[in-house]
2 protein chains.
Amino acid sequence: MPRLNQQFMTVKAGHQIKCQSEARDDVLVLCSGWAFRYIQLSDGGRQILRFLLPGDIFSPAAIFSKGMSFSAKALTEVEVSRLDGEEVRTQCRADELVMMEVFRSLGDNGRASYELITVLGQRPAERRIAHLLLSLIRRIAAHGEIPDQRYPFPLKQQHIADAVGLTSVHVSRVLALFRERNILTLADRTLQVTDPAALERLAALN
Amino acid sequence: MPRLNQQFMTVKAGHQIKCQSEARDDVLVLCSGWAFRYIQLSDGGRQILRFLLPGDIFSPAAIFSKGMSFSAKALTEVEVSRLDGEEVRTQCRADELVMMEVFRSLGDNGRASYELITVLGQRPAERRIAHLLLSLIRRIAAHGEIPDQRYPFPLKQQHIADAVGLTSVHVSRVLALFRERNILTLADRTLQVTDPAALERLAALN
DNA sequence: CGTCGGGTTGAAGATTGTCAATCGTAGTGG
DNA sequence: CCACTACGATTGACAATCTTCAACCCGACG
């Protein structure tokens, strides 16, 4: 099994990793830190499509299909590995497990997209934010056991706002509400959940 | 090249084609009529994820990845072809072109999802509706040349509402506005566009 | 002729956005 | 060590957008 050619880079917090019209056909993988995919609108708005954690592929869909145009930015300082697209494709054909991994990633992203569409279309502010927080918590927990319901959480309120389609002002108010109701506290780059059941009730998508 | 086993069914307008927890691992293809994918919420709300036109696969992602759970309904009377999942997968491995077709479909759906997320998160009612209408127009036009900017359009206002995350009452008001401004008229299962440029301006995602 | 589904309209209220001021904290440079 | 600054979070007042509820219309259809 040939080792794939890879090339590393590190990007500082807040800086661009990939822009909408990136021509190159490479596969980027997040090795450490947090990042996010987003679409930049000309009127200054931006929609965050998904947050990326270590191990995530920046654009799994782009491996087999052209023309996904979104940008990606580093949320914290990150390390990114760049693989040649063609090598990845031949590797997929050769190794069933690699292929499966790519499909799993594609499936996760698709499911997350549909959930986000549903949340944005059908849920009020509180429940949108609860859903985002719980989704992230689950993914963080899958990466390593977390003591005590305290999760590392590098997002600013503006990121939450851009992810769930609200203003940062409104996000601030909703988080204040959560704090008053003793559901969770978000401060100091840490998310502490005090009432996980309540959070799940709000985030539920049934 | 072996002909795939297929089995046809027709479903009347408004009836279920596939439900969220469909266990069977088959590939459904829409042969005629319109349908839509959606997620049903327990509180009565529903989010329409995508409208399907003839030739569309109900769940391209499900071919290679488990656990996409949405339902599908017929919008008009439809004909659906059912293929065995396993046969489709072996066919994909055998025939590069079939594989490419599936990837194209996956890519289209992914792109559409990201656009919908952006529209729902960042755009007000008018622009959401404009975006939906224009997307549909483009797809209809791709299916056969259309004279005169008059498009067949089987959606009720409730469908538009569930697709863009608004109430049907508000959809009605926005459509009235479009009519007053001579942008388009929606009546009688036909969509007539009188000012395509204005529609594109509203629908634009830049 | 009645009724039913879908569309339209008005009035009132809830949710969310906008604008602007304030505050706290962490640099940064003198 | 002390301004000075910059950034993010918070708060209040107000406005816009969208929903809710209810009534009504109208054409299709039994």
Side-chain angles (χ1 to χ4, degrees), chain A residues 12-15 34 41 43-48 73-77 119-133 153-181 184-192 202, chain B residues 12-15 41 43-48 73-76 119-133 153-181 184-192 202:
Chain A
K12 292 237 181 66
H15 288 210
W34 291 45
L41 301 175
D43 63 2
R46 104 183 145 176
Q47 177 65 41
I48 292 183
K73 257 192 190 168
L75 193 56
T76 65
E77 171 158 334
V119 165
L120 290 180
Q122 307 296 319
R123 297 307 198 200
E126 280 181 35
R127 306 195 66 181
R128 291 193 208 178
I129 295 175
H131 181 268
L132 171 65
L133 298 184
F153 199 83
L155 313 209
K156 312 238 173 274
Q157 297 191 354
Q158 185 64 58
H159 293 120
I160 301 181
D162 290 344
V164 297
L166 298 166
T167 56
S168 65
V169 174
H170 200 61
V171 169
S172 172
R173 292 193 227 269
V174 171
L175 290 179
L177 245 176
F178 285 170
R179 222 172 297 134
E180 282 171 32
R181 292 200 224 141
L184 56 82
T185 311
L186 184 39
D188 209 18
R189 314 206 118 211
T190 338
L191 169 60
Q192 166 124 35
L202 283 170
Chain B
K12 293 237 180 65
H15 287 212
L41 301 175
D43 63 2
R46 106 184 142 174
Q47 176 66 42
I48 293 183
K73 257 192 188 168
L75 194 56
T76 65
V119 165
L120 291 179
Q122 307 295 321
R123 296 306 197 199
E126 280 182 34
R127 307 194 65 179
R128 291 192 208 178
I129 295 176
H131 181 268
L132 171 65
L133 298 183
F153 200 83
L155 312 209
K156 311 236 175 277
Q157 296 190 353
Q158 185 63 57
H159 294 120
I160 301 179
D162 291 343
V164 297
L166 299 167
T167 57
S168 66
V169 174
H170 200 59
V171 169
S172 171
R173 293 192 225 271
V174 170
L175 290 179
L177 244 177
F178 285 170
R179 224 172 296 135
E180 281 170 32
R181 292 200 222 141
L184 55 82
T185 310
L186 184 38
D188 209 17
R189 313 207 118 212
T190 340
L191 169 59
Q192 165 123 36
L202 284 170

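Chain letters run A, B, ... following the sequence lines, proteins first, then strands; residues in each count from 1.
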Nearest whole Å is fine: how far is [N] [atom2] from [X] [atom1]?
X	N	atom1	atom2	value
B/Leu175	D/dC18	CG	P	13 Å
A/Ile160	C/dT16	CD1	C1'	17 Å
B/Arg189	C/dG5	CZ	C1'	12 Å
A/Asp188	D/dG8	CG	P	15 Å
A/Lys156	C/dT25	NZ	P	15 Å
B/Ile129	D/dT17	CD1	C1'	13 Å
A/His170	C/dT15	NE2	P	9 Å
A/Leu186	D/dT10	CG	P	8 Å

When you measure from the side chain of [X] to the backbone of [Y], do you find a donor-acceptor pair of N or O atoms at a distance under 3.5 Å?
X	Y	value
B/Arg189	B/Pro154	yes
A/Asp188	A/Thr190	no
A/Gln122	B/Arg46	yes

Under 4.0 angstrom, heavy atoms only, what part of the nucleic acid is [X] near: base, sugar-phosphate, or nothing?
X	answer
B/Arg179	sugar-phosphate
A/Leu166	sugar-phosphate
A/Gly14	nothing

- Query: Can you check whether B/Gln158 has a side-chain N or O nearer than 4.0 Å to OP1 or OP2 of C/dG5?
  - Reply: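 The answer is no; no side-chain N or O of B/Gln158 sits under 4.0 Å from OP1 or OP2.
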- Item | Any B/Gln157 side-chain nitrogen or oxygen under 4.0 Å from OP1 or OP2 of C/dG5 |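 B/Gln157 to C/dG5 OP1/OP2: no side-chain N or O under 4.0 Å.
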- Residue B/Ser172, side-chain heavy atoms: nucleotide from D/dC18, D/dA9, C/dG7 that is nearest: C/dG7
- Task: Could you work out which one of D/dC18, C/dT16, D/dT11 sits closest to the side chain of A/Ala125?
- Result: C/dT16
- Query: Taking atom types as they are modelled, is there a donor-acceptor pair under 3.5 Å from the base of C/dT16 to the side chain of A/Arg123?
  - Reply: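 Looking at the base of C/dT16, it does not pair with any donor or acceptor on the side chain of A/Arg123 (distance under 3.5 Å).
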- Query: So does B/Arg173 reach the base of C/dG7 with its side chain, donor to acceptor, closer than 3.5 Å?
  - Reply: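 Per atom types, no contact qualifies.
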- Task: Would you give the length of the straight line joining atom CG of B/Asp162 to atom CD of B/Gln157, rounded to the nearest 0.5 angstrom?
- Result: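 Reported to 0.5 Å precision, the distance equals 12.0 Å.
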- Message: If the test is side chain to side chain contact (heavy atoms under 4.5 Å, CB included), which one of B/Val174, B/Leu166, B/Ile48, B/Leu186 qualifies with B/Ile160?
- Response: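 Exactly one pass, corresponding to B/Leu186.
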